[in-house]
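Okay, so here's the structure we're looking at.
Heads up: numbering here begins at 1 and tracks the sequence.
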Amino acid sequence: MNMSKQKKLMEVGFRRVGGASCSVRICEALPEHMREATREVTNLWTAPEHRNRGFATTLMHSLCREADVTGVTLMLFAKPYWKEDEAYLPQDQLEAWYCATFGFQVVQKDPLLLARSPGATPRVGLRLAPTTRATIESIRHG
């Protein structure tokens, strides 16, 4: 019996870490031959009462790790969420966060489209709060 080893694909669906959540989907706008090796991250959001606690960073690190293991390129449209009386990151800071922290590259500026190749997460200079680091380690080993 010839059993070939089949590579596991990155699953699509809803993800959550603490107060942060997002969806991962196959991007139907891509040519069919590119869809298997690419996933689009959409609707990354953190509830106001959970912001600045590292949940979105931990969630994105988890997605990047999963993309690395499965050999998937991640894509996302980075746009600031704004609602009256709620703070948000301006577009330039949002771009810097995705690029410097997770290794995304700018594909186009307007609208801001970013892509990240497997293994692109920067490893130097990343400073995390101890609770965030512990959460990331539990995801890595869990």
Side-chain angles (χ1 to χ4, degrees), residues 1-83 86-142:
M1 180 191 249
N2 184 9
M3 298 197 57
S4 63
K5 193 173 185 177
Q6 192 173 21
K7 190 173 190 175
K8 184 179 177 188
L9 299 176
M10 186 173 185
E11 293 187 26
V12 298
F14 183 77
R15 304 293 196 334
R16 176 185 300 278
V17 170
S21 63
C22 70
S23 292
V24 175
R25 67 182 189 176
I26 295 172
C27 184
E28 299 295 328
L30 289 174
E32 192 169 332
H33 71 279
M34 295 176 70
R35 292 178 191 166
E36 184 176 302
T38 307
R39 294 293 182 268
E40 183 179 10
V41 179
T42 64
N43 303 317
L44 178 62
W45 187 75
T46 304
E49 64 273 15
H50 296 290
R51 292 189 182 146
N52 299 313
R53 293 172 55 191
F55 292 126
T57 300
T58 302
L59 177 57
M60 283 304 301
H61 275 297
S62 175
L63 289 174
C64 290
R65 181 173 180 274
E66 186 179 353
D68 291 348
V69 168
T70 58
V72 166
T73 296
L74 294 176
M75 295 178 63
L76 58 84
F77 284 98
K79 47 190 170 193
Y81 172 82
W82 183 85
K83 188 175 178 182
E86 288 187 25
Y88 68 94
L89 282 178
Q91 181 121 347
D92 60 334
Q93 290 179 19
L94 193 59
E95 177 184 331
W97 181 69
Y98 280 115
C99 293
T101 307
F102 308 107
F104 279 85
Q105 298 292 315
V106 176
V107 174
Q108 81 181 20
K109 279 286 199 181
D110 190 20
L112 182 59
L113 174 62
L114 303 172
R116 179 195 175 275
S117 300
T121 300
R123 305 245 184 249
V124 179
L126 180 63
R127 293 188 182 144
L128 301 173
T131 54
T132 302
R133 186 173 304 284
T135 303
I136 290 170
E137 288 303 313
S138 70
I139 291 168
R140 284 186 181 149
H141 302 295

Does [atom1] belonging to [X] count more than 12 external heavy atoms closer than 6.0 Å?
X      : atom1 : value
Gln105 : CD    : no
Glu95  : CD    : yes
Asn52  : CG    : no
Glu49  : CD    : yes

Side chains of [X] and [Y] in contact at under 4.5 Å (non-hydrogen atoms):
X      : Y      : result
Leu63  : Met10  : yes
Met75  : Leu30  : yes
Leu44  : Arg15  : no
Pro118 : Asp68  : yes
Val106 : Leu114 : yes

| query | Between Gln108 (side chain) and Pro111 (backbone), is there a donor-acceptor pair under 3.5 Å? | reply | yes
| task | Output, in order, the C-alpha distance, side-chain angles, deciding distance and verdict of side chain to side chain contact (heavy atoms under 4.5 Å, CB included) for Arg116 and Tyr98. | result | CA-CA 9 Å; Arg116 179 195 175 275; Tyr98 280 115; over 6 Å; no
| said: His61 vs Thr101, test: side chain to side chain contact (heavy atoms under 4.5 Å, CB included). Steps then yes/no. | reply: CA-CA 9 Å; His61 275 297; Thr101 307; 4.0 Å; yes
Minimum heavy-atom distance between [X] and [Y], given as atom pair plus value:
X     : Y     : value
Pro80 : Pro90 : CG-C, 4.1 Å
Arg35 : Cys27 : CG-O, 3.7 Å
Leu76 : Val41 : CB-O, 3.4 Å

| Trp45 CH2 to Leu59 CG distance, which is reported to the nearest 0.5 Å | 13.0 Å
| query | Would Arg39 and Leu9 count as a side chain to side chain contact (heavy atoms under 4.5 Å, CB included) if you check the C-alpha gap in whole Å, the side-chain angles of each, and the deciding distance to 0.1 Å? | reply | CA-CA 10 Å; Arg39 294 293 182 268; Leu9 299 176; 3.9 Å; yes
| query | Are Thr42 and Phe77 close enough, and set up right, to give a side chain to side chain contact (heavy atoms under 4.5 Å, CB included), and what steps lead you there? | reply | CA-CA 7 Å; Thr42 64; Phe77 284 98; over 6 Å; no
